[in-house]
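A note on names: the letters A, B, ... follow the listed sequences, proteins ahead of strands, and every chain is numbered from 1.
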There are 2 protein chains.
Amino acid sequence: MHAVARLNTPRARCADCPTRHRAFCASCDIDELAALDRIKSYRTYKPGETIAWAGKKIGFVGSVVEGVALLSRTLPDGRRQMVGLLLPSDFLGRPGRDEVSFDVVAVTTVMFCVFRRTEFERLVAATPHIGQRLLDMTLDELDAARKWMFLLGRKTAREKVASLFVIMARRDAALSEVDPSGGLRFPFYITRQAMADYLGLSIETVSRQISALRNDGLFEITDGRTVLVPDFARLIDESGDDADGGVLI
Amino acid sequence: MHAVARLNTPRARCADCPTRHRAFCASCDIDELAALDRIKSYRTYKPGETIAWAGKKIGFVGSVVEGVALLSRTLPDGRRQMVGLLLPSDFLGRPGRDEVSFDVVAVTTVMFCVFRRTEFERLVAATPHIGQRLLDMTLDELDAARKWMFLLGRKTAREKVASLFVIMARRDAALSEVDPSGGLRFPFYITRQAMADYLGLSIETVSRQISALRNDGLFEITDGRTVLVPDFARLIDESGDDADGGVLI
DNA sequence: CGCCTGATTGACGCGGTTCAACCTCAGTGG
DNA sequence: CCACTGAGGTTGAACCGCGTCAATCAGGCG
């Protein structure tokens, strides 16, 4: 489904894009943005829609403008592992290869700013700092993936669940620019199934660990969608990360 | 320890480097190699030596010329997870940041071709296709890390161990350019501890699974250092990867 | 020979999965 | 208005895979 209707909104101009200063184009100047404007288009996906299949071709590359998508791999017997998240400003696809390695599925409605792959490759070749920015973003993702590997390989169920709440709190605090060190409150919409896929656990274990952490006073869940953390430092303790910030993302 | 002695060997010239066509400099021309020759130096580390500590600064960036190093993270309570491998042609460090996120330890004697970070950054800015090559290599590493996440999160101990043998076989076959589909034979020097750190298991479980796979005829270990796989397809079956090649690295 | 490091094997128990029952809540339609 | 339904979540009970602890073994080296 193409977001034709949106092409006339202010968002259609790169200079007004909400991800203008974080996406692959962060370091582009006015002229370069104009060049992007000429070759980009928008594409949106509905919640649950598959954006790309593991091992299959996608003809485009693109940057998330709004919404959330996730990368995962599923075995024929049903085992599923989430391996990454696409948030606004994250990039999907790579220059020089036309297939993706993982299933990409929209969680919310997702809007991408997309380019034909060959056209984008030409652009990168002509605009070196786009490549540099992509390199920087990719290195950050690699670090995050490796920290995640630690969680999957070595943390207990309780630590995994606590880690996830720490991450969600951090991410929310980063968006709303609140200091997360004291008590804090944030919304959460993720299902138990998604948490389980993320953490390499079963949904039952996730549910039990959430109950246990709640009983131990590490957080409350009011009205089912809002988490309230009275003492963030205690939650971090439970997450099993050492002091120097070995925290995901 | 600096490999001063080696500076007069043929290897000291980039054009003769064994990683010439695979490392970050793969797409450099003669003139660019000459520029690299001018600012590079070599540095070697002994087996077991720590090359960099997680969260600490390293003043240089560099490319592995020979040997093996590994990236890992260890918690104060001793839990350890390997999160990556540095093989010849792999790159350590990143432009624009002077600390590493993981411990880097030499497994064998490792020789790096190193650059001062600031100098390397200038080089990347002046030579765009170096950045592009780094991006490509980093994207490959990211894919590998994500496949590894699947292994850590969802595979059984038996599948993990089988996967590791598949990987070692593939890597050896790639080096010696032998078709791995039939029976094959390759050396292995990795300790149980390293395998356990790699797979997110205990050494005892690794040992038991190796015995089980051996008893089931999936491979033999002659003389303690050589693995013999009579039927590679069967081993792949046991690794739990689906057909389309969801295999690490 | 004794020592040390790495590997194997067994016994045991715990943490997390599996299977299953039940609960809540939001639609939906009579 | 309430019964019905289905999806997501919680909780319990039983099982078992893997970690832990410990004993033993094999090989390399002084």
Each nucleotide of nucleotides 22-30 of chain D classed B (base within 4.0 Å of a protein heavy atom), S (only sugar-phosphate) or -, in 5' to 3' order, makes ---------

In this structure, how many angstroms lie between the P atom of D/dG19 and the CZ atom of A/R154, rounded?
7 Å

Take atom CZ of B/R80 and atom P of D/dG19, then tell me their distance rounded to the nearest Å.
16 Å

Please tabulate, one pair per line, each protein N/O and nucleotide N/O from nucleotides 13-16 of chain C that are separated by under 3.5 Å, including the distance.
unit_1 : atom_1 : unit_2 : atom_2 : d
C/dG16 : OP1    : A/A157 : N      : 2.8

If you measure from the Lys or Arg side-chain nitrogens to the Asp or Glu carboxylate oxygens, is any gap between A/D241 and A/K155 under 4.0 Å?
yes

Can you name the residues that form a ring-ring contact (aromatic ring centres under 6.0 Å, His included) with A/F91, not counting sequence neighbours?
A/F24, A/F120

In whole Å, what is the span from the CD atom of A/Q193 to the C1' atom of D/dG6?
16 Å

For DNA chain D, determine which residues of residues 210-218 of chain A have any heavy atom closer than 4.0 angstrom to one of its atoms, and list them numerically.
A/S211, A/R214

Does some side-chain heavy atom of B/D172 sit less than 4.5 Å from a side-chain heavy atom of B/F188?
no

Going by the salt bridge (charged side-chain N to carboxylate O under 4.0 Å, His left out) test, which pairs reach into residues 198-212 of chain B, not counting sequence neighbours?
none

Test of understanding: with salt bridge (charged side-chain N to carboxylate O under 4.0 Å, His left out), list the residues that count as partners of A/R158, not counting sequence neighbours.
A/D216, A/E238

Using whole Å, report how far CD1 of B/I203 lies from C1' of C/dG6.
8 Å

Does A/R192 get its side chain close enough to the base of D/dT11, under 3.5 Å, for a donor-acceptor pair?
no

Please map the stems of DNA chain D, keeping only stretches of three or more Watson-Crick or G-U wobble pairs with both distances under 3.5 angstrom.
C:1-30 with D:1-30

Residues pairing under salt bridge (charged side-chain N to carboxylate O under 4.0 Å, His left out) where one sits in residues 74-86 of chain A, two or more places apart or in two chains, turn out to be A/D77-A/R79, A/R79-B/E159, A/R80-A/D197

Sorted by first residue and then second, give each ring pair (Phe, Tyr, Trp, His ring centres under 6.0 Å) pair with at least one member in residues 206-228 of chain A; sequence neighbours left out.
A/F165-A/F219

Take atom CD1 of B/I190 and atom C1' of C/dA7, then tell me their distance rounded to the nearest Å.
14 Å

Atom pair distance, as rounded to whole Å: CG in B/D197 and P in D/dG19:
12 Å

A/E99 bridged to A/R94 by N-O distance under 4.0 Å
no

Sorted by chain and residue number, the ring-ring contact (aromatic ring centres under 6.0 Å, His included) partners of B/F60 (sequence neighbours excluded) come out as none

According to salt bridge (charged side-chain N to carboxylate O under 4.0 Å, His left out), who are the partners of B/K56, at least two apart in sequence or on a separate chain?
none

Could you check how far CZ of B/F188 sits from C1' of C/dA7, rounded to whole Å?
11 Å

Is the closest side-chain donor-acceptor distance between A/D143 and B/S101 under 3.5 Å?
yes

Using modelled atom types only, decide if a donor and an acceptor are shared between the side chain of A/E49 and the backbone of A/K46 within a distance under 3.5 Å.
yes

N/O donor-acceptor pair under 3.5 Å between B/T226 side chain and B/P187 backbone:
no

Any donor-acceptor pair under 3.5 Å between the side chain of B/R208 and the base of C/dG10?
yes

Partners meeting ring-ring contact (aromatic ring centres under 6.0 Å, His included) with A/F150 (sequence neighbours left out):
none

